[in-house]
Amino acid sequence: QVQVVESGGGLVQAGGSLRLSCQASTYTLSRYVVGWFRQAPGKEREGVAVMQAAVAGSATYADSVKGRFTISKDDDNWSTLYLQMTSLKPEDTAMYYCAAGPNRWPLSLHQADFAFWGQGTQVTVSS
């Protein structure tokens with residue numbers, strides 16, 4: 001069982017940046033696939049970015065965020081995951097969730113691959 005807690009959400013203007021953090025209860029995320037998902041009001045939850053925590057450069061992204069968002073882990077603290085968001089748009093407004101699941105390949109943005117979820121952190125992008 002892994003518990004994850006998100007932080008770093010907030011209100012930002014369009015074009016701005018935010019970095020979300022996810023702190024896991026395990027001492028290392030190296031045995032897991034980890035990812036970020038989001039759910040906007042009235043919409044279904046969707047995958048944003050996922051990676052194998054132990055494999056550098058393994059990330060895959062939703063088309064809507066490619067080139068703007070970067071998922072990474074803290075190299076000094078393998079229980080911490082980040083989502084760096086740049087060039088934010090109003091359509092990025094959503095509740096953002098961190099998730100972890102058993103290692104698998106290939107990576108996918110399917111929610112069913114993730115067993116452990118946080119409570120979410122709200123990101124609001126104003127126009």
* Decide yes or no for D113 and V33: does some side-chain heavy atom of the first lie under 4.5 Å from some side-chain heavy atom of the second? =>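 Sidechains of V33 and D113: no contact.
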List the atom of [X], the atom of [Y], and the distance in Å for their closest heavy-atom pair.
X: G47; Y: A62; value: O-CB, 3.4 Å
X: A54; Y: S30; value: CB-O, 3.4 Å
X: L20; Y: V123; value: CD2-CG2, 4.0 Å
X: S127; Y: P90; value: CB-CG, 3.8 Å
X: V2; Y: A24; value: CG1-CB, 4.2 Å

* From L81, V34, V5, D74, residue fulfilling side chain to side chain contact (heavy atoms under 4.5 Å, CB included) relative to C22 ->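 When side chain to side chain contact (heavy atoms under 4.5 Å, CB included) is applied between C22 and each of L81, V34, V5, D74, only L81 qualifies.
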Do any N or O atoms from the side chain of [X] and from the backbone of [Y] form a donor-acceptor pair under 3.5 angstrom?
X: Q84; Y: T70; result: no
X: N103; Y: R31; result: yes
X: T93; Y: T124; result: no
X: Q52; Y: R104; result: yes
X: E6; Y: Q119; result: yes
X: T86; Y: R68; result: yes

* To do: Say whether Q23 and S7, considering side chains only, have a donor N or O and an acceptor N or O under 3.5 Å apart.
  =>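 Not at all, the side chains of Q23 and S7 share no donor-acceptor pair under 3.5 Å.
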* Do R38 and Y97 meet the cation-pi criteria used here (NZ or CZ under 6.0 Å from the six-membered ring centre, within 45° of the axis)? ->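 So R38 doesn't make the cation-pi contact.
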* R19 to Y82, cation-pi by 6.0 Å centre distance and 45° axis angle ->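 Output yes; distance and angle both within limits.
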Looking at [atom1] of [X] and [atom2] of [Y], how far apart are the two atoms once the value is rounded to the nearest 0.5 Å?
X: W36; Y: M85; atom1: CH2; atom2: CE; value: 8.0 Å
X: D75; Y: K73; atom1: CG; atom2: NZ; value: 4.5 Å
X: Y32; Y: S79; atom1: OH; atom2: OG; value: 12.0 Å

According to a 4.5 Å side-chain heavy-atom criterion applied to Ile, Leu, Val, Met, Phe, Trp and Tyr, with indirect links allowed, do [X] and [Y] form part of one hydrophobic cluster?
X: V65; Y: L107; result: no
X: F116; Y: Y96; result: yes
X: W105; Y: V55; result: no
X: I71; Y: V4; result: yes
X: M95; Y: V48; result: no

* Asked: Angle class for the F114/F37 ring planes (parallel below 30°, perpendicular above 60°, tilted otherwise)?
  ->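 If you compare the ring of F114 with that of F37, the planes turn out perpendicular.
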* Asked: Got a sec: does the CD of E91 have more than 12 other heavy atoms crowding it under 6.0 Å?
  ->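 Yes - once you tally the heavy atoms of other residues, nucleotides and ligands closer than 6.0 Å, there are more than 12.
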* Asked: Does D92 come within less than 4.0 Å of K89, counting only side-chain N to carboxylate O?
  ->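 No, this pair does not count.
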